Amino acid sequence: IKNRIKNKYKRNKRKDGSLMDLFLSVNTIFDKNGKPEYFVANHVDISEIERTEEKLRGEKNFSQAVLDVIPYGMDVVDENLKILHMNKTFLKIFGKKSIGKKCYEVYRDNKKQCKKCPLKNPIKVGETKTLITSRVAGGKTFKITHTGFILPNGKKAILEFFEDVTGKIKKAKKQIKIKKKWNQTL
């Protein structure tokens, strides 16, 4: 009969009242007749690991909450123009299927890279550039702010914020048209 190992995580209270997280492992050793002969037990205090993991989860949740309330579309694109991450705003519009695809294939109506795309040159960490591009997401015009940064894996990427400026552009064009008519009447 094979030995049986049981693993368990348990939270115990110390004499001083503080909590201690334990990893318990109990190995049951059987005799040749299949009856338990003895147990080998180990326990490891993993309290510090648990506290660190809880802190990391809290920081991750905070970061994600901040990204999710940004009223603009936001993504992270790698050096190969592949979308690595989108905030909720963009996930609602473009869906999870967009992750891993080239950004211009997802966003651009003509499926071609933006003429002034900052990714045509090597990414400069900490450098921020802004461009306005049209024919995006069904004929809209966006102001896209790009900032280079380093991913946890050491590779470079670009954080992009998309602000829909279609209405602002239309309003500005209308005001220019009105101003031209006004000047013609003088």
Side-chain angles (χ1 to χ4, degrees), residues 46 48-186:
I46 58 168
E48 188 62 33
I49 294 168
E50 288 295 315
R51 280 192 294 274
T52 302
E53 286 180 352
E54 184 61 33
K55 184 178 177 184
L56 286 172
R57 277 190 294 276
E59 289 174 4
K60 181 183 181 227
N61 291 340
F62 172 78
S63 297
Q64 190 62 50
V66 169
L67 292 175
D68 288 344
V69 298
I70 293 171
Y72 305 113
M74 191 260 355
D75 71 9
V76 174
V77 177
D78 71 10
E79 292 178 291
N80 299 315
L81 305 166
K82 287 189 178 177
I83 300 169
L84 303 177
H85 178 80
M86 292 176 153
N87 69 344
K88 277 188 179 179
T89 302
F90 260 19
L91 284 172
K92 284 179 188 174
I93 297 168
F94 298 106
K96 286 185 179 182
K97 66 185 182 308
S98 301
I99 305 294
K101 291 185 179 179
K102 302 257 184 195
C103 56
Y104 57 85
E105 293 171 348
V106 174
Y107 306 137
R108 301 276 296 161
D109 295 342
N110 64 6
K111 308 295 182 209
K112 294 180 181 175
Q113 188 176 3
C114 298
K115 289 179 183 176
K116 294 182 181 180
C117 177
L119 287 168
K120 287 187 176 183
N121 299 307
I123 295 172
K124 293 182 182 171
V125 175
E127 182 176 271
T128 299
K129 292 185 177 180
T130 301
L131 70 94
I132 294 179
T133 187
S134 57
R135 296 186 305 279
V136 177
K140 295 179 181 173
T141 300
F142 280 86
K143 178 174 115 177
I144 308 172
T145 303
H146 307 81
T147 300
F149 73 105
I150 304 282
L151 294 167
N153 64 8
K155 294 187 178 187
K156 293 180 181 178
I158 289 223
L159 174 65
E160 299 181 307
F161 288 96
F162 291 69
E163 179 185 358
D164 185 351
V165 293
T166 308
K168 292 178 183 178
I169 298 289
K170 285 180 181 178
K171 187 176 179 180
K173 285 180 180 179
K174 188 175 181 179
Q175 288 175 340
I176 290 169
K177 195 175 185 180
I178 290 169
K179 192 173 183 179
K180 280 182 182 179
K181 280 185 178 182
W182 175 260
N183 288 336
Q184 288 174 354
T185 60
L186 294 177

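These numbers come from a predicted model, not from an experiment.
- For the ring-ring contact (aromatic ring centres under 6.0 Å, His included) condition, the pairs that include at least one residue of residues 98-125, sequence neighbours left out, are Phe90-Tyr107, Phe94-Tyr107, Tyr107-Phe162.
- In the displayed structure, Lys111 atom NZ is contacted under 6.0 Å by more than 12 heavy atoms of other residues, nucleotides or ligands.
- For Asp164, the side-chain contact (heavy atoms from CB on, under 4.5 Å) partners are Lys140, Phe142, Thr166, not counting sequence neighbours.
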Side-chain donor-acceptor distances from residues 124-133 under 3.5 Å, at least two apart:
unit_1	atom_1	unit_2	atom_2	d
Thr128	OG1	Thr147	OG1	2.8
Thr130	OG1	Thr145	OG1	3.4
Thr133	OG1	Arg108	NH1	2.7

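- Atom CG of Leu91 sits about 10.0 Å away from atom NZ of Lys97, to the nearest 0.5 Å.
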Take Met86 and Ile99 through the test side chain to side chain contact (heavy atoms under 4.5 Å, CB included) and record every step on the way to the result. CA-CA 8 Å; Met86 292 176 153; Ile99 305 294; 3.9 Å; yes

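- The heavy-atom pair separating Gly139 from Asp109 by the smallest distance is N-OD2, 2.6 Å.
- The two residues Ser98 and Val106 have their closest heavy-atom pair at OG-CG1, 3.6 Å.
- Residues Ile150 and Lys156 meet the side-chain proximity criterion, which asks for heavy atoms closer than 4.5 Å.
- Every residue meeting the salt bridge (charged side-chain N to carboxylate O under 4.0 Å, His left out) condition with Lys143, not counting sequence neighbours, appears here in chain and number order: Glu163.
- Expressed to the nearest 0.5 Å, how far CG of Leu159 lies from NE2 of His146 amounts to 10.0 Å.
- Checked by atom type and distance alone, the side chain of Asn87 pairs as donor or acceptor with a backbone atom of Met74 at under 3.5 Å.
- The salt bridge (charged side-chain N to carboxylate O under 4.0 Å, His left out) search around Arg51 returns Glu48, not counting sequence neighbours.
- Under the side-chain hydrogen bond (donor to acceptor under 3.5 Å, both in side chains) criterion, Glu79 pairs with no residue, sequence neighbours left out.
- The closest side-chain heavy-atom distance from Ile70 to Lys88 is not below 4.5 Å.
- Under the rule for a side-chain hydrogen bond (donor to acceptor under 3.5 Å, both in side chains), Thr52 has no partner lying at least two apart in sequence or in another chain.
- A side-chain hydrogen bond (donor to acceptor under 3.5 Å, both in side chains) check over residues 61-74, counting only residues at least two apart or in different chains, returns the pairs Gln64-Asp68.
- Atoms NZ and CG, from Lys82 and Leu119 in turn, are 14.0 Å apart once rounded to the nearest 0.5 Å.
- Rounded to the nearest 0.5 angstrom, Leu84 CG and Ile158 CD1 are separated by 11.5 Å.
- Every residue two or more places apart in sequence or in another chain was checked for a salt bridge (charged side-chain N to carboxylate O under 4.0 Å, His left out) with Glu59, and none qualifies.
- In this view, Lys120 and Gln113, Cys117 satisfy the side-chain contact (heavy atoms from CB on, under 4.5 Å) rule, not counting sequence neighbours.
- For Lys101, there are no salt bridge (charged side-chain N to carboxylate O under 4.0 Å, His left out) partners two or more places apart in sequence or in a different chain.
- With a 4.5 Å cut-off on side-chain heavy atoms, Glu53 and Arg57 count as touching.
- Looking at residues two or more places apart in sequence or on another chain, you find no side-chain contact (heavy atoms from CB on, under 4.5 Å) involving Asn121.
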